[in-house]
Amino acid sequence: MDSPALILGIETSCDETAAAVVRRDAGGSGAIVSNIVRSQIAEHKDFGGVVPELAARSHILHLDMIIQAALDEAGIGFDELSAIAATAGPGLIGGVLVGLTTAKALSSATGKPLIAVNHLEAHALTARLTDGVDFPYLMLLVSGGHSQFVLVKGVGDYERWGTTIDDALGEAFDKAAKLLDLGYPGGPAVEAAAASGDGTRFALPRPLLKEDRLDFSFSGLKTALRLAAESVAPVSSEDIADLCASFQVAVTDIVAARSAKALERFSARFPRAPARFVVAGGVAANKAIGAALRDVADAAGAMLIVPPPALCTDNGAMVAWAGAERFALGVRDDFSVIARPRWPLDETIVEARA
């Protein structure tokens with residue numbers, strides 16, 4: 001039976017060490033009680049990207065303090081928790097192991113139930129925490145490691161409609177920034193440079209744009225950007241701005257076209273259901289992409305829902321909320337649950353319902 005719950009969520013799948021406490025009330029509404037995130041950007045900046053070994057070591061050094069800070073901010077102790085949730089994958093296996101092992105240890109020491117959370121499910125369900133979205137809805141997840149369309153039918157009930165066949169969109173932004181020596185993280189750097197550029201100067205490709213499938217491909221676009229940069233080398237600041245603007249326009253065209261097709265499919269599948277389009281992941285913060293997706297949603301008569309930027313990037317609140325949703329359905333995990341570097345969202349099921 002559904003009842004109020006306080007869930008501690010732990011997130012260590014990449015380069016954020018995070019913990020949060022979320023309350024889920026009987027009936028399904030929720031609230032963030034605390035949310036602590038420690039970014040590792042400074043630790044990886046000189047390498048132009050995340051170094052897995054350094055990320056795992058940093059999680060080990062800081063996670064205990066982050067968890068305590070989350071409990072302190074919430075004004076509670078372990079005895080007041082209903083359960084402990086942690087990302088069990090997908091992600092960098094070293095980091096996932098740190099968070100999941102810590103959660104197991106805390107569960108063993110406190111007697112609180114353990115809930116292993118799929119990182120992608122945490123992104124998928126965040127809009128239910130922030131906006132109370134009802135099932136079903138369409139989600140576009142665009143992050144450093146994932147670019148996919150998912151039909152969200154319920155907790156643990158997902159259909160993946162499209163994914164990237166090579167680079168994720170966030171990864172493509174990072175590689176574009178590295179190519180142009182703009183630093184890390186790449187997404188904000190490319191967006192900033194593009195603001196003063198001419199997006200029509202370089203004719204970059206739109207891979208798969210005319211195909212009916214909902215998959216993405218960004219590797220060829222990245223290669224075309226490199227060739228364009230080489231054609232005007234040595235590049236000036238104006239060249240860099242125009243390259244970034246052209247890259248961003250191409251990406252925006254691709255994402256918008258794919259989203260329009262995905263919304264058409266959703267409406268055909270659920271003609272009587274309100275069309276709700278949730279966008280999650282760090283790339284959702286890109287203003288050009290966000291504006292294009294709003295236009296697409298408006299044209300389709302759909303409601304566009306984008307959680308606040310702090311909840312689009314990796315954080316403990318989304319893990320705690322996914323744990324709370326599963327906890328309400330009677331899901332409990334034992335200590336045999338393993339960390340998974342790969343864990344497709346459509347393989348995330350709810351095996352216990354209460």
Side-chain angles (χ1 to χ4, degrees), residues 1-14 16-39 59 62-88 98-100 102-134 155-156 278 280-282 284-285 305-333 354:
M1 183 175 180
D2 202 354
S3 58
L6 277 175
I7 308 294
L8 171 67
I10 298 170
E11 160 59 27
T12 56
S13 67
C14 192
E16 280 89 14
T17 309
V21 175
V22 163
R23 183 182 68 250
R24 185 184 187 277
D25 299 321
S29 61
I32 298 172
V33 185
S34 67
N35 192 23
I36 307 296
V37 180
R38 182 188 181 277
S39 173
H59 291 315
H62 298 101
L63 182 56
D64 289 353
M65 292 179 287
I66 296 296
I67 291 172
Q68 189 59 57
L71 293 174
D72 290 345
E73 185 175 279
I76 64 170
F78 284 106
D79 58 325
E80 296 170 76
L81 293 172
S82 304
I84 297 169
T87 297
V98 172
L100 183 59
T102 299
K104 287 180 179 182
L106 291 174
S107 175
S108 177
T110 64
K112 301 297 180 180
L114 171 71
I115 302 175
V117 170
N118 182 303
H119 180 84
L120 305 182
E121 181 172 48
H123 278 300
L125 297 177
T126 297
R128 285 176 51 78
L129 169 63
T130 59
D131 294 83
V133 184
D134 293 328
V155 179
V278 172
I305 300 161
V306 184
L311 297 180
C312 283
T313 54
D314 294 348
N315 63 91
M318 70 180 195
V319 176
W321 177 251
E325 293 260 61
R326 297 178 75 81
F327 183 80
L329 295 174
V331 176
R332 311 290 186 270
D333 291 294

With heavy-atom distances below 4.5 Å as the criterion, would you say the side chains of [X] and [Y] are in contact?
{"X": "Glu121", "Y": "Arg326", "result": "yes"}
{"X": "Ile32", "Y": "Leu311", "result": "yes"}
{"X": "Leu81", "Y": "Thr110", "result": "no"}
{"X": "Thr87", "Y": "Asp314", "result": "no"}
{"X": "Leu6", "Y": "Val21", "result": "yes"}
{"X": "Met318", "Y": "Leu129", "result": "no"}
{"X": "Trp321", "Y": "Thr126", "result": "no"}

For the atom pair [atom1] ([X]) and [atom2] ([Y]), what is the distance rounded to the nearest 0.5 Å?
{"X": "Glu11", "Y": "Ile66", "atom1": "CD", "atom2": "CD1", "value": "12.5 Å"}
{"X": "Ile36", "Y": "Leu71", "atom1": "CD1", "atom2": "CG", "value": "10.0 Å"}
{"X": "Asp72", "Y": "Ile67", "atom1": "CG", "atom2": "CD1", "value": "12.0 Å"}
{"X": "Ser34", "Y": "Arg23", "atom1": "OG", "atom2": "CZ", "value": "11.5 Å"}
{"X": "Leu106", "Y": "Ile84", "atom1": "CG", "atom2": "CD1", "value": "5.0 Å"}

Quick one: closest heavy-atom pair of [X] and [Y], and the distance?
{"X": "Ser82", "Y": "Pro4", "value": "OG-O, 4.3 Å"}
{"X": "His59", "Y": "Glu16", "value": "CE1-O, 3.3 Å"}
{"X": "Ala122", "Y": "Ala322", "value": "CA-CB, 3.8 Å"}
{"X": "Leu8", "Y": "Ala19", "value": "CD1-CB, 4.5 Å"}
{"X": "Val133", "Y": "Ala127", "value": "CG2-O, 3.5 Å"}
{"X": "Val98", "Y": "Thr12", "value": "C-OG1, 4.4 Å"}

Does [X] reach the main-chain N or O of [Y] with its side chain, forming a donor-acceptor pair under 3.5 Å?
{"X": "Ser107", "Y": "Lys112", "answer": "yes"}
{"X": "His119", "Y": "Val319", "answer": "no"}
{"X": "Arg332", "Y": "Leu114", "answer": "no"}
{"X": "Glu80", "Y": "Gly77", "answer": "yes"}
{"X": "Asn315", "Y": "Ala317", "answer": "yes"}

